[in-house]
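Within every chain, numbering begins at 1; the chains are lettered A, B, ... in the order of the sequence lines, protein sequences first and strands thereafter. Because only heavy atoms are used, hydrogens play no part in the values below, and waters and symmetry mates are left out as well, while side chains stay in.
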Amino acid sequence: MQDNQAAQGSTDQASEQAGEHSYRAQAVEAAAQQYWREQRAYEVKEDPSRPKFYCLSMLPYPSGALHMGHVRNYTIGDVISRFQRMNGKNVLQPMGWDAFGLPAENAAIKNKTAPAKWTYQNIEHMRGQLQRMGFAYDWTREFATCRPEYYRWEQLMFTRLMKKGLAYRKNAVVNWDPVDQTVLANEQVVDGRGWRSGALVEKREIPQWFLKITDYAQELLDGLDTLPGWPDAVKTMQRNWIGRSEGLEIHFAVEGEAEPLTVFTTRPDTLMGATFVSIAGEHPLALKAAQGNTGLASFLDELRHGGVSEAELETQEKRGMATGLSAIHPITGEKLPVWVANFVLMGYGTGAVMAVPGHDERDFEFAHKYDLPIRQVIAAGDETYDPDKWQEWYSDKTRADMRVVHSGALDGKNYREAFDYLAATLEGEGKGQRRVNWRLRDWGVSRQRYWGCPIPVIYCSKCEAVPVPEDQLPVVLPEDVAFSGVQSPIKADPEWRKTTCPQCGGPAERETDTFDTFMESSWYYARYTSPGADAQVDERANYWLPVDQYIGGIEHAILHLLYFRFYHKLMRDAGLVQADEPATNLLCQGMVIAETFYRDNADGSKDWINPADVEIQRDEKARVVGAVLKSDGQPVRIGGTEKMSKSKNNGIDPQAMVEKFGADTVRLFSMFAAPPEQSLEWSEAGVEGMARFLRRFWREVTTHAAGPDHAVVDPAALDAGQKALRRQLHETIQKVGDDVGRRHSFNTAIAALMELLNALGKFDDHSEQGRAVRHEALEAMVLLLNPVVPHVSHALWQVLGHPAEVLEDQPWPKADEAALVRDSLTLAVQVNGKLRGTIEIAAGASKEQAEQLALAHPNVIAFMEGQSVRKVIVVPGKIVNIVAG
RNA sequence: GCCCGGAUGGCGAAACUGGUAGACGCAAGGGACUUAAAAUCCCUCAGCCGAAAGGCUAUGCGGGUUCGAUUCCCGCUCCGGGCACCA
C-alpha cells in the first residue's frame, strides 16, 4: 500500500491540483466523521428549555454484517433526525443490539464457537460499519441486550408481574422433533419435518410461562385510535389480530357427561341451523372419547403430526371424525353428533364450535365431505338457497333484507333481534351468556433454548414456582460454554440449575428455559433514555418518551409492535413511565430487493449468481435481452426481482458500495430510488447516477466559491431570469421542507433538488446579482441536502466560507414568500374532459376571463365545431373544462 | 386458509384534497470534446398515425360514479408482508 502510493506520487499531485473541483468521497467522509467524533456532535442530554425529538430505528440483530435493509432503515432515521435538529429540536438518536436469538446458536454449531463470542464479534464489526455510514447516533447510550446489566431489569419486571398475577404458567403446544428430542421453532419446521433430522414433527404440550396480554386487549385496541401518526395498514392489522368479537357462549349438554360442552359463537341467530358440534383434537372431551375408541385415538394421533403454525393448520385439508358422543341442542333438545375437526383451534374461544353448515363456509364444506345435514335458517330478499353450492350471501348478517327462517320463535327477526332474543332466553335458562371473545392469545415467553435471558424462577417441590428474589438478580446466563448443538448448555449442566428455595430454604432447581427475544426488544427504547440507571428506567425516561418517530420494517407490524405497546403499558402501570403509548409516529419501510440470476445444474438445482458478477445485455430499445457472467462471458438466466437473501445470492454488500462510492452516495440512492414504504430495487447504475449528481453539485459549489466575491441579493434589482431562478429556489425550499418533514417523501425532495441543480447549470449569469442569486441557492442546497448527505454538506459549508461548527445547528432554510409570487399562470383547457390546449393568464384573473380566453383558443374552436357550450367548469389555477354537445 | 398491502414507459418512479399522466433518475440512441479511454456537456426518448400542426390509444383486468378517475365504488388476476418459537 505504502509502495503504491509512493509510485503514484505524480498522479496524486495532479489530482491534488484539480482537487478543489473534484469530489473525493473517502477523504471528505473521513474528515467529517473525525470532526463529529471529536466534537461529540451527537451526544445529547435532557434540556427542558428545548422541544425534544426522540428518533428511533429498530435495533439490529447482530447477524454478522450490515445489509441493505439496515442501511435503508437507518438512513431514513438519520435523515429525520438531522432534519429535526436543524428545526431546533433536542434530538436523541440511539443505537444498540438485539443480541439474543436463534441464529447465534446455529452459527455456534457451524463454527464450533460459543454464541456469545460470535455475537460480540459481530457487534464489533457492525458498529464499525454503522459508524462508516455517518449516522448521527449518541453512541454513549449503546448497549447489547445479552448483557446482564440490561436483562436484569426485565427479569425484575417479570418477577413483579408474577406477583401481580400477570405472569403465569400453563401447558402449551410446541413443535417436537422426536429424533433430535428437541423443540423446534416454526422456522425450523420445513414441510412438516425437522430441518436437521428430517423427522416428522409432532405437537407436544409442555408447561410454559405466559404474560397476560389479554388483560390489556381492550386498551391495546382502543389505543390504536389515539395514534394518528401510525400507518392505517398497521392499525388495521393490529385490530384484526386482537380480534374483538361479541357473541354468546352456549352450553350444550352432552349425553352421559356431567359437564356441558361450551361453544362460542358470533352467530347465535343461526343456532337453529346447527346440525353438529365440532371440537378441536386437543379438547378434553375428544381425549376422553378416544379412551376405548381406537379409531378415534389413532385419528387424534394423526392430528398430532405436523407443526403448530396457524398457516400450516389453516391450509390443511379439512378432516374430521365422529366421537360417538351426542350433544343436546339447548332449544330443541335434538341430539347433535359431536365431531373432532382439524380446523377447530384449541387456542381460540373454547376449542368447540356449533357447526352451522347452512351458513358457515367451512362447516358447509365439512358437511358435504362427511354427509352431514345442512339446514337453511337465513334468507335474504328473493335469493334462492341451494344446499349444493356455497354462495357468499349465506353468511352475510349485514344485509338489510336478511331474516331468520325455519327457526320457530326467531322467524322474521334480523341478526341483532335474534341475537338479543337468544341471549335473553339462554341467560334466563342458564344455558348461555353474552361474551366478548378475543382472537388475541396470551404471550408465551418461554423458549427451550440457551442463548436468551434466563427466566428468573426457582422450582421447589414444596413451594412450586417461586420468583427469584430481587436481591438475587440477575440470574446470569453463562457465556463461556461449549455449544455442540441440540441441547442447551444450561439444561445439560446439572450444576447450573441447582439452587435453594428462597422461601423454604430446601433444595430447588432453576428454570432452564429462556425468554422469547421479543421480551428484550419490547423495552429497549426506554432503556436508551436512562443509561446507567439503577432501575429499569429512571426519571429521564419521561423527558424523552414517547418516541417521536419510530422506523422499522413492515414485517414487524403485528408481533413486535404489539408487544412493544403492551410492555409500555406494563411499565406505565409499574409507575416507570407516564405516556400511554410508546411511540407517536411510525414509519414502516419496504424491503430492499434485487434481480436474481442463476444457472441450471444437471440435477435440476440452481446455482445462484450474485448481481455484482453479472452484466446485463440490452437491445437498441434498451430492453433487457439477456445477461452474462462477467468472468466467463457465458449467459446466465434471469430469475426475477426478489428480497435480498443468502439463498438467492442477490445480496449487495453495503460495505463494498461504501468503499466504491462513499457513504453519501449510498445514502442518497437509498433515499431517492423509491418512497420509503415501498420496496427498493437496488441498481448499481442508479447508484452511479447519484455519484454523478454529487460530483456536479461539488463542482458547482467549488467553482462558484473560487470566483469573485458574491454580493447580497437585491430583490428589486433582479431581471426576469434571476427572478425565475430565485422563485424556483424558494419553491424548492418550500417543497423539500414539506416533503422531508411532513410527507417523508424523500425521493421527491431529492428530485426537486436535482431540478434546481439542473436549473443552476443552465443559469449562465455572471453579473453581480446573478452571482448573488447563485450563492443564495447553493447555500440553501447545502443545508437542504445536509440530512441526506451530511459529509458532503459538512465539507461544502466550509467551502462556502462558513466555519464548520455552525452547520450542525444551522436553522433549516425558510422560503421567502415574496420570491414565490407569480405574475401569470398556465391553465389547462379541456373540451369534454379531454385536453385541447393551454392558456397563459394573469395570476389575479377572474373565472370569466379564464372562460373567455379558453373559448377563444383555436383548438377549442375547432373541437367545438357544430356544438354548443352546455356548461363551463373553471378550477382556479388548474383547468377550464368546456362541456359541449 | 385468514388478515394487510401493491401493480403507472425498456427500468426505478412522479402526479400530495378527483383537475395538463410520465417530474426526477437509470438504461438506450445520436452528437460534441479527447491521440485514446474515463470524466464532462448537448439532443432524442410511452406506443401508434402524421411532413408538421395535431390526432388516437394508454396507469394489471372487467364494470360503475363524474364535466373530468392513476386517484372514489363493485368484481377479478397476479405479486409481496404477517399468521403468535426467524428477527
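Relative to the six-membered ring of A/Tyr450, A/Lys491 misses at least one condition, a distance below 6.0 Å or an angle of at most 45° to the axis. With A/Phe863 as the aromatic partner, A/Arg836 meets the cation-pi criteria of under 6.0 angstrom to the ring centre and within 45 degrees of the ring axis.
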Pairwise N/O distances under 3.5 Å, protein to nucleotides 43-45 of chain B:
none

Enumerate the protein-to-nucleotides 36-40 of chain B contacts in which both atoms are nitrogen or oxygen and the separation is below 3.5 Å.
residue, atom, partner, partner atom, Å
B/U40, OP1, A/Arg695, NH2, 3.1

Within the sub-3.5 Å range, which N or O atoms of nucleotides 60-71 of chain B have a protein N or O partner, and how far apart are they?
residue, atom, partner, partner atom, Å
B/C67, O2', A/Asn881, ND2, 3.4
B/C67, O2, A/Asn881, ND2, 2.3

At a cut-off of 3.5 Å, list every protein nitrogen or oxygen paired with a nitrogen or oxygen from nucleotides 73-77 of chain B, distance to 0.1 Å.
none

Dump the pairs, protein N or O against N or O of nucleotides 28-33 of chain B, anything under 3.5 Å, distances to one decimal.
residue, atom, partner, partner atom, Å
B/A28, O2', A/Glu620, O, 2.4

When you compare the protein's N or O atoms with those of nucleotides 22-24 of chain B, which come within less than 3.5 Å of each other, and at what distance?
residue, atom, partner, partner atom, Å
B/A23, O2', A/Glu755, OE1, 3.2
B/A23, O2', A/Glu755, OE2, 3.2

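Out of B/G1, B/C26, B/C3, the shortest distance to the side chain of A/Asn240 is found at B/C3. Distance from the side chain of A/Asp98 is smallest to B/A87 among B/A87, B/U20, B/G55. Comparing B/G25, B/G81, B/A13 by their nearest atom to the side chain of A/Ile554 picks out B/G81. Checking B/U20, B/A84, B/G81 against the side-chain heavy atoms of A/Thr838 singles out B/U20 as nearest. Checking B/C86, B/C83, B/C4 against every side-chain atom of A/Thr236, the shortest atom distance belongs to B/C4. Listed nucleotides B/C11, B/A87, B/G55 differ in distance to A/Phe518; the shortest reach to its side chain belongs to B/A87.
We find that CD of A/Glu365 is positioned 14 Å from C1' of B/C2, with the value rounded to whole Å. We find that CE of A/Met519 is positioned 13 Å from P of B/C85, with the value rounded to whole Å.
For A/Arg449 and B/C85, a side-chain-to-base donor-acceptor distance below 3.5 Å is present, hydrogens and geometry of angles not being considered. For A/Gln208 and B/C85, a side-chain-to-base donor-acceptor distance below 3.5 Å is present, hydrogens and geometry of angles not being considered. A donor and an acceptor atom sit less than 3.5 Å apart, one in the side chain of A/Gln448 and one in the base of B/C85.
Under the 6.0 Å cut-off for aromatic ring centres, A/Phe669 and A/Trp682 qualify, their centroids lying closer than that.
Between B/U17 and A/Lys878, no contact under 4.0 Å exists linking OP1 or OP2 to a side-chain N or O.
Syn is the conformation of B/G9, whose glycosidic angle sits no further than 90° from 0.
Heavy-atom distances to RNA chain B give each of A/Phe863 and A/Leu680 a nearest nucleotide, and the one nearer the 5′ end belongs to A/Leu680.
In a base pair of the Watson-Crick type (N1 to N3 plus N6-O4 or O6-N4) or a G-U wobble (N1-O2 and O6-N3), with each distance short of 3.5 Å, B/G68 is matched with no nucleotide.
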